[in-house]
**Q** 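Let me begin by handing over the structure; questions about it come next.
Per chain, numbering begins at 1; letters A, B, ... match sequence-line order.
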Amino acid sequence: METEVKKPVRRKIDFSAFANVAVFFTLEVLAFIAFSLGTSYILFSILSVVLLVCLVLVTFKQIKTDGLATFAFFLVPLFVFGLLCILSNFTLIPSFVLYNQTFFIPIAMTCFAACGYFVSSLKTFSISKALLVIYSALAILVFINLIATMVEFMPFYTLLHHNKYIYYDGDISSVPVSGMAFALLGFSISEVSVEYFSLFPSLLITAIIPLFFIKFKQNKTTFLLYLGYALLGFFSLLTTVSKMTIITDVLLFAIVLLVLLFAKFQWKGKVLKIVSLVFAGLFVVGFLVLFLNAQEGGVGIIQSLQNFIAGNPLLNRLFNTNGLAIKYNQILNRVTTTNGNGEFVYLFGFFPTSEIIPTNSWLFDILMTTGLFGLLFFIAVIIFGLVQLMKYYRSSADHLKDKAMVVAFILCFFAYGLLNYDMTPFIFSSDLSPIYLSGPFLVCLFLFSYAFYKVVNKPKETKLIANDSQKSEKKEGEIIDEKISL
Amino acid sequence: MKKYLYSSLLLVVAIGLTSCGYSLKELYDRNPYNNVNFVDNYYTTWDKDIDLVNNPNNKILNPDADVINLEKNGDFVFTEFGDDNLRSLEPQYDSYSYETDLEPTNSTTGKTSYGQGNKLSKIDQSFRYGILSKLYDGQLFCHGQFEWVRVQINEGGFGSIFKKELYSSTYFALNFKASIEFRRVYQDDDGNDVTVDIPTWYYGEEGGSIAHLTDIGLTVTFYLKSDNGYTRVPVHYEIQDVPCNPSESTDKYILFGFKIGGKNVPSLDRCAGISIEYTYEDDLLAEMNANIEAKNLANATDSWFDDSPTLAESRILKGGALQHSLFLYEILFPHSTWH
């Protein structure tokens, strides 16, 4: 009698079955980061790594390698930028928030960006829900910050107590109370600058965009949530109003209006290209003129340019004599300063001093913190990201509402940061916390990566996912018009 | 829709109601209490709950409380850094640096700064707020920062309520120095500032110093909180021969303190406020004030004051009698806990 020897069957674990769990985990991490728990960057990093491992295991079989190769064009400069952050002199000073732990910078940025890419390949992931999670987390943060600020101060204190100061730890505060607010940082409430406080309600106010797409009668809950978020953001900004916040929010309002106009008139082709090129051109030319104008002891054409600007009252005001331009010029001039041997000594960043102070602009503060090369890689990341974002807006099968929200969130964040992001947000501490350590920046990287995936994997798959997501959303009764009601 | 409108309005009202303005109760201009003239620098604020003089609705439960006269031995009273009573009260006496007060440790000896190690703002964050945080920041000495770092009081003193209550403590300490007016600024008829250097005005060509000794009767009142209000615990101690207007040196400061749990002050549990007042006996000041008119008269015709514009400005003293003041630098409850 023959005995049949059974070979042991090795059961393979099919991680793709855990897709729902992975999506849920992603939304949780997204909420946590959007909630922006102050100086929890190390926690963000660890969560991003764990989440990425989970997502790689779950999406291992279905992810396309050619798409990944294209995504690497975004991810590699981001990683290099993170490395340059570590190498910068700037991160060696104890007042830097991540002093001695700077190796977390490239890890958090690249891993969380990669998470955005990988999770997009899962059919159960819905950008609509992800955006709701992001805005909900932001709203909770804004609400806590608003209550904390109102408990300590009062509505419109920024107007009522303009030149009044408080004592702290034996010394008069360096800024008046009109420049202070309270915010949740980590697990405690602390005094922060109004500029830092206003970032979150300014972003929250972009929750007005979905209100133009969702019909109240057909989806009351979502409509009211976004309406509540937008009102909360508005109320928060109103009660802590300041001159700089008004200027920045006018810019954000213009961006939101532009996004809505694009959606209304379905401008996706030539108009989008032309407007993008015009803005990009203005930005590049403006920066170039500012850079050349800032160089002390310029000769030839640079000198002629400087004389021309100095001779024109309007240009002189724009490039030389306003508070912002003075701060920008100091940094631009420092970057090209050489030592006695003619060597550039500040190319890898430099310490802020009493003469060279942070500018409240990510463009110039990154030049200070990571130097010229750091800025170049950061700009490369932003350009790659924006190009893909425009392609995503033009060609993705996502709902117009979601596309408009993704675009508006990213543009508004970088626009706000260009004018009003305070790198020294703590009133009674000189700790430095650049934009790349902020929660909303990581959220933007996530959204950039999402857009990347949608562009790179456009044929067939995007339609499939779009159809599925539409179905799943319709099940929940959410009816969204592709037409905008302005 | 109305339901949602009402909910939103309710939220706005709720946020409005939270507007307590806790941090707006003490607001200052850019340079408060930063004047050469003593009279403009006195911190004389009394919290209304403990103000017996100006507020009839104060919350003091025992307004006529007997003053406790501290005993040098029974209450372990100390009046200088090297006092034996401080050595016996402070378990880590030898591990502290008493001259270092701006940095946490003495860079030469490696010893912990006494002020920075025991400052109240380190023990509890609530002491970091308000102008009296100058008294809780660990800086024991002037370091040429003059009005910026001291709280200057006259005999009427000040009274302040803490945000928290004392739960346990070992001893109390107060670091201060004494001074009479050494400079005075007033405006002449044209509105220009005239600075009078007091020693020059008083001693003229002969020259002289106003460094002298004064006797101080210090009264520190602690306010113990209860459900109905505050119970006063006033303690008093006479300190003889306090250096007044001395040259700047750490040994010219008075570190006054006593044991909590000693013979006369068994406990200060639930202490939630403090007031400091003092009296003085100062022979030199009395003499100078008695001679103001005569000195002004003599200086008016003294040609020595014509030698330079600076001297000319020191010729006449206006603005009344010279004043006496205590410069307070630090209040300490070492090793205490607060709730």
**Q** Need one label for A/S236: side chain, backbone, both or neither, based on atoms under 4.5 Å from any heavy atom in chain B.
**A** neither
**Q** With a 4.5 Å limit on heavy-atom distance, are the side chains of A/I166 and B/E26 in contact?
**A**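 A side-chain contact is absent here, since even the closest heavy-atom pair is not under 4.5 Å.
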**Q** Tell me, yes or no, whether the heavy-atom count around A/I208 atom CD1, taken from other residues, nucleotides or ligands under 6.0 Å, exceeds 12.
**A** no
**Q** Using 0.5 Å steps for rounding, measure from the OH atom of B/Y28 to the CD1 atom of A/I172.
**A** 8.0 Å
**Q** Is any residue of residues 121-140 of chain B within less than 4.5 Å of chain A by heavy atoms, and which ones?
**A** B/S121, B/Q125, B/R128, B/Y129, B/G130, B/I131, B/S133, B/K134, B/D137
**Q** As an exercise, state the distance from CE of A/M154 to OG of B/S23, rounded to the nearest 0.5 Å.
**A**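 These two atoms lie 12.5 Å from each other.
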**Q** To the nearest 0.5 Å, what is the distance between CD on A/E152 and CG on B/L24?
**A**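 Reported to 0.5 Å precision, the distance equals 8.5 Å.
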**Q** Tell me, yes or no, whether the heavy-atom count around A/F428 atom CZ, taken from other residues, nucleotides or ligands under 6.0 Å, exceeds 12.
**A**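 Atom CZ in A/F428 is crowded, with more than 12 foreign heavy atoms closer than 6.0 Å.
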**Q** Which one wins on heavy-atom pair count under 4.5 Å against chain A: B/L27, B/N31, B/V151?
**A**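 Heavy-atom pair counts peak at B/L27.
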**Q** Can you confirm whether B/Y22 is buried at OH, in the sense that more than 12 heavy atoms of other residues, nucleotides or ligands lie under 6.0 Å from that atom?
**A** no
**Q** May I ask you to list the residues in residues 98-115 of chain B that approach chain A closer than 4.5 angstrom, counting heavy atoms only, ordered by number?
**A**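 No residue falls under the 4.5 Å cut-off.
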**Q** Atom NE2 of residue position B/H143 - does it have more than 12 heavy atoms of other residues, nucleotides or ligands inside 6.0 Å?
**A**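 Enclosed.
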**Q** Does B/Y167, at its OH atom, have more than 12 non-hydrogen atoms belonging to other residues, nucleotides or ligands within less than 6.0 Å?
**A**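 Atom OH in B/Y167 is not packed in, count stays at 12 or less.
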**Q** Please tabulate, one pair per line, all N/O donor-acceptor pairs under 3.5 Å involving side-chain atoms of residues 131-150 of chain A, not counting sequence neighbours.
**A**
unit_1 : atom_1 : unit_2 : atom_2 : d
A/Y135 : OH     : A/T206 : OG1    : 2.6
A/S136 : OG     : A/L132 : O      : 2.6
A/S136 : OG     : A/Y229 : OH     : 2.7
A/N145 : OD1    : A/L184 : N      : 2.8
A/T149 : OG1    : A/N145 : O      : 2.7
A/T149 : OG1    : A/F182 : N      : 3.0
A/T149 : OG1    : A/F182 : O      : 3.0

**Q** Within a strict 4.5 Å, meaning less than it, do heavy atoms of the B/D29 and A/Y165 side chains meet?
**A** no
**Q** Heavy-atom count check: over 12 atoms from other residues, nucleotides or ligands less than 6.0 Å from B/K177 NZ?
**A**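 More than 12 within 6.0 Å, yes.
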**Q** Just to be sure I understand the criterion: a residue of residues 35-49 of chain B counts if one of its heavy atoms is under 4.5 Å from a heavy atom of chain A. Which ones qualify?
**A**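 Against chain A, none of the residues of residues 35-49 of chain B fall inside the cut-off of heavy atoms under 4.5 Å.
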